[in-house]
Amino acid sequence: MTARIGVVTFPGTLDDKDSLRAVRVAGAEPVSLWHRDKDLHQVDAVILAGGFSYGDYLRAGAISRFSPVMETIIENARAGMPVLGICNGFQILTEAHLLPGAMLQNNHLHFICRDQKLRVENAETAWTSDYSTGQEISVPLKNMDGRYVADERVLDELEAEGRVTFRYLDVNPNGSLRDIAGITNAAGNVVGLMPHPEHAVEPLIGTGRTDGLGFFTSIIKKLVNA
Amino acid sequence: MARVVVDVMLKPEILDPQGQAVQRALPRLGFEGIADVRQGKRFELEVEGPVDDAALSRIHEMAETFLANTVIEDFTVKVEKAEESK
Amino acid sequence: MARVVVDVMLKPEILDPQGQAVQRALPRLGFEGIADVRQGKRFELEVEGPVDDAALSRIHEMAETFLANTVIEDFTVKVEKAEESK
Amino acid sequence: MSLDTVKHAAETPDVAQPWKELGLKEDEYARIREILGRRPTGAELAMYSVMWSEHCSYKSSKVHLKQFGEKVPVNDAMLVGIGENAGVVDVGQGYAVTFKVESHNHPSYIEPYQGAATGVGGIVRDILAMGARPVAVVDPLRFGAADHPDTKRVLPGVVAGIGGYGNCLGLPNIGGEVVFDACYQGNPLVNAGCIGVMKHEDIHLAKASGPGNKVILYGARTGGDGIGGVSVLASETFESTGPAKRPAVQVGDPFQEKLLIECTLEIFGEKLVAGIQDLGGAGLSCATSELASAGSGGMRVELDTVPLRDSSLSPEEILMSESQERMCAIVEPQHVERFMEICEKWDVIATVIGEVTEGSQLEIFWHGEQIVDVPPRSVAHEGPTYHRPFARPSWQDALQADDAGKLARPANGAELREQVLKLVASPNQASKSWITDQYDRFVQGNTVLAMPEDAGMVRIDEKSNLGVAMATDGNGRYAKLDPYTGAQLALAESYRNVAASGAKPLAISDCLNFGSPEDPDVMWQFAEATRGLADGCLELGTPVTGGNVSLYNQTGETAIHPTPVVAVLGVIDDVTRRTPVAFAEEGQLLYLLGDTREEFGGSAWSEVVHGHLGGMPPEVDLGREKLLGEILISASRDGMIDAAHDLSDGGLIQAVTESCLRGGKGARLVVPDGLDAFTFLFSESAGRAVVSVPRSEELRFNDMCGARGLPVTRIGVVDGEEIEIQGEFSIPLSELRTAHEETIPGLLA
Ligand SMILES: Nc1ncnc2c1ncn2[C@@H]1O[C@H](COP(=O)(O)OP(=O)(O)O)[C@@H](O)[C@H]1O
Ligand SMILES: [Mg+2]
């Protein structure tokens, strides 16, 4: 079978086409999902792509989280459907309480676009199994509201349960607590991160490396072997 | 039309770099004696109809679920200009 | 320590995309009856020493030259918690 | 005030009108009365005043701009030339590319964030209006002295505004410039460019034809933004002369613009529009009169149907409002319903505000009463033309005689070393990554090259790997010394940058930033620069497809340096053959292409070391530039070089430093025979580039250059962790990196 992976377009989503391309490059069937449509069109997994949905007005992800498509996604995610939130998608997942904590403006108050080194801390999730724990990868990072915060208790719990999925290496680009770049839920099906693996799937384009491809091949293997 | 104001501030334990940047700039601009600055958001809502308890409790709910993210923010609701015409 | 609050709002004639986005979202979330939303900034300043006229006039100047951009924004200064300790 | 209708105007010829306050001259007002055969109504006066302003009518510049249409090189690529929202060129495989640069200088000084943000918004709508999907933006910027306190206000605001708007639109920022010079202190230059891509058959034009077709205004509601802004920003001062209480500043909503882009592209995709125009300067006045003027008939507009943000606006204000994120489309009646459906899908407000008529007049009504009845061409295309006096400035000869050759040169290796470090750390030569890292360069997933590469490059076809490249350049110091040569040097540098990336230069756009046209010195600079640019484009074979003129860039009596900014667009058949600037492979050979002469007039060295501006700028040889370009492109296509970097301000040492830092590898260089180390390192002779050649390609590369007659000199090898100039000095990369990278954050962060 070919895995069907949906990518949601909210008003103001920017990296939807890139995510659809990454799904295709990795060998699955990309499916466009529309924010007003509750129907997920039989996809096996969903990606919430980067961008500025609703202009990031109010708070990043705060308005999109209430869209019709999110109702279905929240329900399905709780039932185990794999969901990946990239950047704005990660912000939406925290606003929707599918992932704990919140995203705040970068501590230096500027938008930052850079090639970011990360360590994969958990290669057991639906979206990271093609990496190995401890592996170092480089993918582009670009955001205004990338500072991950949560209270100490939540942070300790995330660490204890191995749910910190990615950590920033070399530079903490936004002041995220404990250098957290990405996390997963307890079941490991929902993953959110600030950097953009979909911009690192083709040689020569973007940073020219393909370190991000593993996200997409991980999920495809999981779905096809399921 | 009545105006209700919702003020949203980061919780005290959360780092507020915007407020800090303002505070750090003040002495350079010649303003001394400000020990701390916090920056938050102010929403001015123009409410149709009476701002009674029912309306206020709805606005409270709106603030709690939407205008503020209570993981990181606190909020207050104040009626600023009840019942006068604009 | 006294707290002085400076509220900075876009001038009424200036486009407020943030406020508009919030307002448009409200009915979808089931909140009706809000005719308009404007979003601005709230600065909470902790002031050392007495908040007398001299201090207030300095804060006023600070608001005018720094906290607000008076090309597009209006501001108000309010003493919120005079002289009590925090 | 009661409504000033056409009827009322005809009956009250002697009413005094505020033409002067609106920026019109007495003879211009008289001409309006003559055109109309009566006094204009308030609404008509408002329309003429904005449309006949310098900004919209090009009244001082158009006699000179004409040359761009007269000296056109033979070039098959041109599909749409000057006169439309933006020019269009053929890039092959059925694709067409449209691009343009515009200025938003004055608003960005008053309110840096919003001024710059709306500058990006405006140029993107111009590109969209041609029928294209915007694919990238660029931002050539000029600020006052880097250490001046006001630069700390203006620069971060401008950069945040460009980023805030462009990032939110999802357009990669792939290039631009940041230049500091005290002459821009009270008058920064914020130019913004955009590239759009479409298929040939999708080109749209701004014209209203077909009587009965509907005029649809869609996008944001109309508010009191920037009323009179157009007049004010092109008039003598920054002081607002418009009606009190209306903001002179526009606030942008990039989210709304993103919706407008997607909505418009979907509408294009279903072929629902017969004509389209963006709303920018002069708002509805401009859009309706330009559409009608370019079309075949007249147009009737019911102004009270325009959706407002502020219900107190008068009809004159609605016509002049510069509220952002709006477009105007001409739609056949049978397509209106589908048009509205698509707008609804994207949450975009759309309103039929009028229709194309059989007549020849633009007629505007307000609650049933006629307030405008004008021949549209007289508003949009037949504004005043000035032949402003110009004369070579009295100081020009003395400036040119103040030769940089007499400046004290470094006496030994240690002094050379010190000056190299000073140069690469100087604000104009230092790394701009603190700025460019605030721009998303990856979005859309097609970015092949971006800052700090010589040119930005994006892929436009995923299957064939077809791509386009763009570079922008301008050097006000050179142009001040000699505007004709300065404009050609801007063209040459931008052309060279595109060629160095491996793309073939096709066509250009320009943004001509000058002082007051009422000053004969400035007008001479303008005349010389346009002549230089037109002659240069003819020789290089790159037509001018469009651009923008910004005048009155001055503080008090002092004009900025004449600053023609040139954007060159290039095409590359296969982006995988692009050439980066990084020296990344140890052992590769470094070659200098072109001739190095003792040319220091206007150079970075003369500025950084001596604070000097005088003499003549480097000589231009466009034939040589063309040859150099051909060599760089062939070498890239045939895999003979792995890296290339053009030489421009700062000379060879600046280029080598950048390439080494980018690649993380050092270089050992030898001063070639016949040159002294100082000239070798710091000369700014044009028509040069440095390339990194794999050893296996050395023979082939040398043969090619030899056969085509391009001077080529082997100057060293990529090696080690330092840059060494044999027999002179060496500097560790880490020391160079610190010098190069810490300046800008140190000044601004
Ligand atoms: N410096 C220039 N060189 C070439 N063409 C120019 C120049 N300045 C303006 N133009 C052309 O004149 C026309 C009108 O310019 P402009 O008013 O800036 O366009 P718009 O109305 O789309 O903003 C455009 O086609 C533009 O490309
Ligand atoms: Mg235009």
Side-chain angles (χ1 to χ4, degrees), chain A residues 53-67 70-71 74 88 90-112 143-158 172-180 183 185 192, chain B residues 2-29 31 34-48 55-80:
Chain A
S53 61
Y54 291 96
D56 272 4
Y57 298 146
L58 185 57
R59 292 180 309 279
I63 300 180
S64 328
R65 159 248 167 140
F66 289 103
S67 59
M70 281 306 294
E71 278 179 42
I74 291 171
N88 197 224
F90 185 18
Q91 293 157 341
I92 294 170
L93 291 175
T94 60
E95 284 283 341
H97 307 300
L98 282 172
L99 292 174
M103 310 304 304
L104 281 167
Q105 194 176 27
N106 298 339
N107 59 349
H108 46 77
L109 307 176
H110 297 292
F111 186 95
I112 176 95
N143 61 65
M144 187 72 191
D145 298 311
R147 175 164 53 115
Y148 181 75
V149 298
D151 63 35
E152 287 297 310
R153 189 184 49 78
V154 170
L155 293 172
D156 289 342
E157 194 177 295
L158 287 174
N172 180 333
N174 44 32
S176 289
L177 295 176
R178 303 195 192 180
D179 298 334
I180 289 174
I183 57 175
N185 66 348
Chain B
R3 174 177 298 168
V4 176
V5 172
V6 179
D7 284 321
V8 177
M9 299 297 294
L10 283 173
K11 294 188 174 183
E13 67 271 22
I14 303 262
L15 176 70
D16 172 17
Q18 287 190 323
Q20 285 191 350
V22 170
Q23 197 206 339
R24 270 199 307 270
L26 291 177
R28 263 191 281 125
L29 303 175
F31 299 108
I34 306 294
D36 192 25
V37 179
R38 308 275 297 168
Q39 179 175 338
K41 296 176 198 158
R42 174 185 168 90
F43 297 92
E44 295 183 354
L45 314 177
E46 304 298 329
V47 183
E48 288 164 350
L56 276 177
S57 101
R58 270 175 35 243
I59 291 173
H60 202 276
E61 190 196 331
M62 182 197 302
E64 176 139 24
T65 54
F66 182 54
L67 297 181
N69 177 347
T70 53
V71 174
I72 44 173
E73 296 167 326
D74 294 325
F75 65 90
T76 59
V77 176
K78 276 181 307 211
V79 182
E80 184 156 279

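Each chain gets a letter, A, B and so on, in the order the sequences are listed, and its residues count up from 1.
For A:Leu109, the part sitting under 4.5 Å from any heavy atom of chain B is the side chain, from C-beta outward, and nothing else. For A:Asn106, the part lying under 4.5 angstrom from a heavy atom of chain B is the backbone only. With a 4.5 angstrom heavy-atom cutoff, B:Lys11 does not touch chain A via any of its atoms. Only the side chain of B:Phe43 comes within contact range of chain A, with heavy atoms under 4.5 Å apart.
Atoms OG1 and CZ, on B:Thr65 and A:Arg65 in that order, are 7.0 Å from each other to the nearest 0.5 Å. Between atom CD of residue B:Glu73 and atom CG of residue A:Leu104 there is a gap of 7.0 Å, rounded to the nearest 0.5 Å. To the nearest 0.5 Å, atoms CD (A:Glu95) and CZ (B:Phe66) are separated by 9.0 Å. Atom-to-atom distance recorded for A:Met103:CE and B:Ile72:CD1 is 9.5 Å, nearest 0.5 angstrom. In this structure, the separation between CG on A:Asp151 and CD on B:Glu13 is 8.0 Å, given to the nearest 0.5 Å.
In plain terms, the two heavy atoms of A:Leu58 and B:Leu67 that are nearest each other are CD1-O, 3.7 Å. Nearest approach of A:Arg147 to B:Leu15, heavy atoms of both residues: NH1-O, 3.0 Å. Closest non-hydrogen pair, A:Ala102 versus B:Val71, comes out as CB-CG1, 4.2 Å.
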